[in-house]
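Just so you know, these numbers use all the heavy atoms, side chains as well, and skip hydrogens, waters and symmetry mates.
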Amino acid sequence: MEVNKIIIIFTAISFIIYGLSSFQSRRMASEYKRWGFEKSRSIIGFFQLIGGLGLILGFKYQSILLTSSIGIAVMMFFAIIVRLKIKDSLIETLPALTYLLLASIIINSSL
């Protein structure tokens with residue numbers, strides 16, 4: 001399996017899991033509160049799910065892959081901004097940075 005497909009699958013599964021946990025996990029509920037997005041938790045979780053599912057559909061529909069990866073990149077850009085604003089450590093910010101990089105790789109490969 002080529003590296004790009006692995007990146008897409010890993011990112012898709014991660015976002016599906018994060019999206020689902022946004023609805024179900026007490027830990028994630030407390031994180032959203034800490035980030036200042038307690039009231040937006042459901043909508044953000046929904047977009048995470050849509051992004052992950054879009055990446056999977058992107059194996060068949062290139063335009064959905066591009067749209068989903070851009071959406072994920074935008075979410076991660078703002079996640080980094082939020083992490084900086086609340087003064088999270090580099091370690092706490094690293095997942096958002098990593099997923100921004102992965103989404104950028106997907107975008108680049110789908111153009």
Min side-chain heavy-atom separation [X]-[Y] under 4.5 Å:
{"X": "Leu101", "Y": "Leu97", "result": "no"}
{"X": "Phe15", "Y": "Phe10", "result": "no"}
{"X": "Phe23", "Y": "Met28", "result": "no"}
{"X": "Trp35", "Y": "Ile86", "result": "yes"}

If you measure from [atom1] on [X] to [atom2] on [Y], what distance do you get to the nearest 0.5 Å?
{"X": "Ile106", "Y": "Thr11", "atom1": "CD1", "atom2": "OG1", "result": "4.0 Å"}
{"X": "Ile6", "Y": "Glu2", "atom1": "CD1", "atom2": "CD", "result": "8.5 Å"}
{"X": "Ser69", "Y": "Ile7", "atom1": "OG", "atom2": "CD1", "result": "11.5 Å"}
{"X": "Leu66", "Y": "Ser109", "atom1": "CG", "atom2": "OG", "result": "9.5 Å"}
{"X": "Thr98", "Y": "Met76", "atom1": "OG1", "atom2": "CE", "result": "10.5 Å"}
{"X": "Tyr99", "Y": "Leu94", "atom1": "OH", "atom2": "CG", "result": "11.0 Å"}

Given the rule in the side chain to side chain contact (heavy atoms under 4.5 Å, CB included) test, do Asn4 and Ile8 qualify, once you have shown the distances and angles that lead to the verdict?
CA-CA 6 Å; Asn4 196 49; Ile8 293 169; 3.7 Å; yes
Hey, quick one: are [X] and [Y] part of the same hydrophobic cluster, counting side-chain heavy atoms closer than 4.5 Å, chains of contacts allowed?
{"X": "Met75", "Y": "Ile81", "result": "no"}
{"X": "Leu90", "Y": "Val82", "result": "yes"}
{"X": "Ile107", "Y": "Leu65", "result": "no"}
{"X": "Ile105", "Y": "Leu111", "result": "no"}
{"X": "Ile16", "Y": "Leu100", "result": "yes"}

Ignoring hydrogens and angles, state whether a donor on the side chain of Ser89 or Glu92 is under 3.5 Å from an acceptor on the partner side chain.
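Looking only at side-chain atoms, Glu92 and Ser89 do form a donor-acceptor pair, the distance falling under 3.5 Å.
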Sequence neighbours excluded - salt bridge (charged side-chain N to carboxylate O under 4.0 Å, His left out) pairs with any residue from residues 75-85:
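Output for this query lists Arg83-Asp88.
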Strictly by salt bridge (charged side-chain N to carboxylate O under 4.0 Å, His left out), give each pair with a member in residues 19-33 just once, sequence neighbours left out.
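Pairs touching residues 19-33 that pass the test: Glu31-Arg34.
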Just list the side-chain donor-acceptor pairs under 3.5 Å for residues 36-58, sequence neighbours left out, or say none.
from	atom 1	to	atom 2	distance (Å)
Arg41	NH1	Ser22	O	2.7
Gln48	OE1	Ser22	OG	3.0

Enclosure of Tyr32 OH (heavy-atom neighbours >12, cutoff 6.0 Å):
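Yes, enclosed.
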Donor-acceptor pair, Ser21 side chain versus Tyr18 backbone, under 3.5 Å?
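Present.
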